[in-house]
Amino acid sequence: MATVVLPSGELVEVRGGDLLAVLTERGETAAAVVVDGQLRDLRDPLPPAGEARVVGLDHPAALDVLRHTASHILAHAVTRLYPGAKLAIGPAIDDGFYYDFRFPEPVNRDDLPRIEAEMRKIIAENLPIARVWLGRAEAEALLAERGEVYKLELLREIPDEQISFYRQGEFLDLCRGPHLPATGLARHVALLDVAGAYWRGDPSRDMLTRIYGTAFPTAEALAEHLKWREEARKRDHRILGPALDLFSIQNETIGAGLVLWHPKGARVRHEIETFWKGEHYNAGYQLVASPHIGRARLWETSGHLDFYKDGMYAPMDIEGQEFYLKPMNCPFHIAIYKTHTRSYRDLPIRYAELGTVYRFERSGVLHGLLRVRGFTQDDAHIICRPDQIEDEVLACLDLTLRILGAFGFRDYKVALSVRDPEHRERYIGSDAMWDEAEQSLVAALERKGLPHTRMEGEAVFYGPKIDLHVLDSLKRAWQLTTIQFDFNEPERFDMAYIGDDGQAHRPYMVHRALLGSLERFFGILIEHYGGAFPAWLAPVQAVVLPVTEAEVPYAEGVTNELRAAGIRAEAWTKERKTLRWLIREAQVQKVPYMLVCGAREAAGGVVAVRLRTGEDLGPQPVSAVVSRIRDAVSSRGTAL
RNA sequence: GCCCGUGUAGCUCAGUCGGCAGAGCACUUCCUUGGUAAGGAAGAGGCCGUCGGUUCGAUUCCGACCGCGGGCUCCA
């Protein structure tokens, strides 16, 4: 006898542990039951004691169960349609599920509707889903008979003697569960994509075919998700970038992963850089600049030729000396530091640079602006005393939030990466340094009120770090900021400062990038704003549109006035086009302000203002337009 | 690198079951003087990704290569 809490909050007594029977009797449907914090099947025998809470399909905890069951329905459909297909794994993932198969024939996106139709049949059949326990030998014989080589491999790694399988109709799959009680509950499913995936992510093993899908408790939630995907697709910076004439990547002429910034993209970049530089000077940074190549000995000293050679391009021979294209800026900044003997009074020193680096990335991973081979980091190195590190990290976070906030990023997720406690020998630097650095990171995050997730073993070998992810307007997370301690290079370059004791001491060095790289950040910004940049970033802020040729001189005069006021304005007068055409063109180009000049406006010394939003502000004096745009620019907001 | 898909005009895409290559947009010229998301006409524009094979003949069929897109552990 057990007491169970229903989704409604009602309590029921369950005898003999058959919870599903009780629910069926009451005419209730549910997804699973949480017993002592653990999700379990409704069909599992209930423990005599302990808190049990039934969760409905719409409960967040049930989402994974729903999607896991959907992945089984997918596998079921595949085994019906493709006899001989081998099953691998099929987990629920962040916003859906996938299942990996080895198909007897190639399967592509065009096959998805057919598979999805079969899934709908299985859902309509509303097959009960039941757990089946098999002994190890029995399980092995079963899987061997079916030729399920991947499942056999998984089975060998399961320590238990009783092996859990799930059955729905004629389909049986090795699975730890839990699952929904019947296939009919997974009604709102969709298959999305097909892709290749290595068995266990290992490039030396079989290439499987992965089918991605998603499932939601309601038709509305599914429709909303599909709409969201569509919206994300429309914002793809690789489409918008060339369409808005912002940038191009030309593999044949320039090279893969190398970006050409067109005038409009370069203008946005200029605005970002100008803002960035100002904020850095205000925050006590000194801007420096360094070359694109350096001698091999520099990279030997830094250690990059030891641990980063795979990411570097081949050396070039210059008058018998080997030079390398730089993958990072740090050695140059350190070299600047070392040009003087530094006193403890000089610290902290903060060197910042928009430094362009080149890194080798395999062609398959290149992706628009988000993964490139040549990019400009918004890099800085903070060199300081141990007693300064916490304040420095805090100041860094302040600067980060101020700068990211200006771009409309106000939701953050922070990860703190620390050593793997099991393998301290893999890391450089003393325990005391690691502890001190980690404490400063945690203290700074706490003082800033930023919750963080601690990631054991995620630190790089040379120091702990904070990574900051932002959520964009579609709630997608992008990793931008990284703040990391470096215990390696100060040692290798023998960096020092003279303390108040007259002795040389090793400084701490913090390596940080706030935006990451300008290329990647620009790509993210394009998607965040869907190409419709706020007034302060818009490459063209206003276009002046004459209605007829007679107003061209007036339009040019207005344009000059705007330009004199520091507004990026263009008169669209080169060619006689209808106003309708000009407006459409301005909308497509996502220009924030459209200033129409017809006979009426010219006579009255005003312009008719149309916003990118479609809003018509009617006739306005040019001075009013100027102050409106100036306000929008100085607020850095999205309001026009 | 690997799996699947894909490559035709500057862009978006038709098409050729093997026989001189098509549209819309953009571009050039002309007509139109227009009021808030495309006014009309004409013209120009092509190594049909590259190399090889089959064939009287290949953009089309076959093979290799190159480029691009999706993806490559969030473990039964």
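Numbered from 1 within each chain, the chains take letters A, B, ... in sequence-line order. In this text, all values refer to a predicted model and were calculated from it rather than measured experimentally.
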request  = Select one nucleotide: of B:rA76, B:rG39, B:rG70, the one nearest the side-chain heavy atoms of A:Arg109.
outcome  = B:rG70
query = Base, sugar-phosphate, or nothing: which does A:Glu601 touch, judged by heavy atoms less than 4.0 Å apart?
reply = base
key: Spacing between A:Leu143 atom CG and B:rA76 atom P, to the nearest angstrom   = 15 Å
remark   = From the candidates B:rA37, B:rG34, B:rC4, the one with an atom nearest any side-chain atom of A:Glu549 is B:rG34
ask   = Can you tell me if A:His469 and A:Gln479 form a side-chain donor-acceptor pair at under 3.5 Å?
value = no
key: Proximity to the side chain of A:Leu154 - top-ranked nucleotide from B:rC2, B:rA76, B:rC75   = B:rA76
task = For A:Ala608, answer base if it contacts any base atom (sugar-phosphate contacts may also be present), sugar-phosphate if it contacts only those atoms, and nothing otherwise; contact means non-hydrogen atoms under 4.0 Å.
result = base
task = May I have the distance from A:Glu361 (atom CD) to B:rC72 (atom C1'), rounded to whole angstrom?
result = 16 Å
message = With a 3.5 Å limit on both atom pairs, tell me what B:rG63 is paired to, counting Watson-Crick and G-U wobble, or say none.
response = B:rC51
key: Gap between atoms CZ and P, on A:Arg67 and B:rA76 respectively (whole Å)   = 16 Å
remark   = Rounded to whole Å, the CG-P distance (A:Leu87 to B:rU73) equals 20 Å
query = Do the side-chain N and O atoms of A:Thr209 and A:Arg102 include a donor-acceptor pair separated by under 3.5 angstrom?
reply = no
Pairing partner (Watson-Crick or G-U wobble, both distances under 3.5 angstrom) of B:rC17 = none
ask   = With both distances under 3.5 angstrom, what nucleotide forms a Watson-Crick or G-U wobble pair with B:rG34?
value = none
message = Any N or O donor-acceptor pair under 3.5 Å from the base of B:rG35 to the side chain of A:Glu551?
response = no
query = OP1 or OP2 of B:rA76 sitting under 4.0 Å from any side-chain N/O of A:Arg176?
reply = yes
query = If you look at every strand shown and take non-hydrogen atoms under 4.0 Å, does A:Tyr212 touch a base, only sugar-phosphate, or nothing?
reply = sugar-phosphate
task = Check whether NZ of the Lys or CZ of the Arg A:Arg67 lies under 6.0 Å from the centre of the six-membered ring of A:Phe97 and within 45 degrees of that ring's axis.
result = no
ask   = Rounded to whole angstroms, how far apart are NE2 on A:His367 and P on B:rG67?
value = 18 Å
ask   = Can you tell me how far P of B:rG70 sits from CG of A:Asp236, to the nearest Å?
value = 7 Å
message = Is A:Trp581 close enough to B:rG35 that one of its side-chain N or O atoms is under 4.0 Å from OP1 or OP2 there?
response = no
ask   = To the nearest angstrom, how far is A:Lys574 atom NZ from B:rU28 atom P?
value = 9 Å
request  = Kindly determine whether A:Tyr198 and A:Leu208 satisfy side chain to side chain contact (heavy atoms under 4.5 Å, CB included), including the steps that lead there.
outcome  = CA-CA 6 Å; A:Tyr198 295 110; A:Leu208 306 174; over 6 Å; no
query = Reckon A:Lys577 touches a base, only the sugar-phosphate, or nothing at all at heavy-atom distances under 4.0 Å?
reply = nothing
ask   = Does any donor atom in the side chain of A:Arg610 or A:Gln587 lie under 3.5 Å from an acceptor atom in the other side chain?
value = yes
task = Report the distance from atom OH of A:Tyr554 to atom C1' of B:rU33, rounded to the nearest whole Å.
result = 19 Å
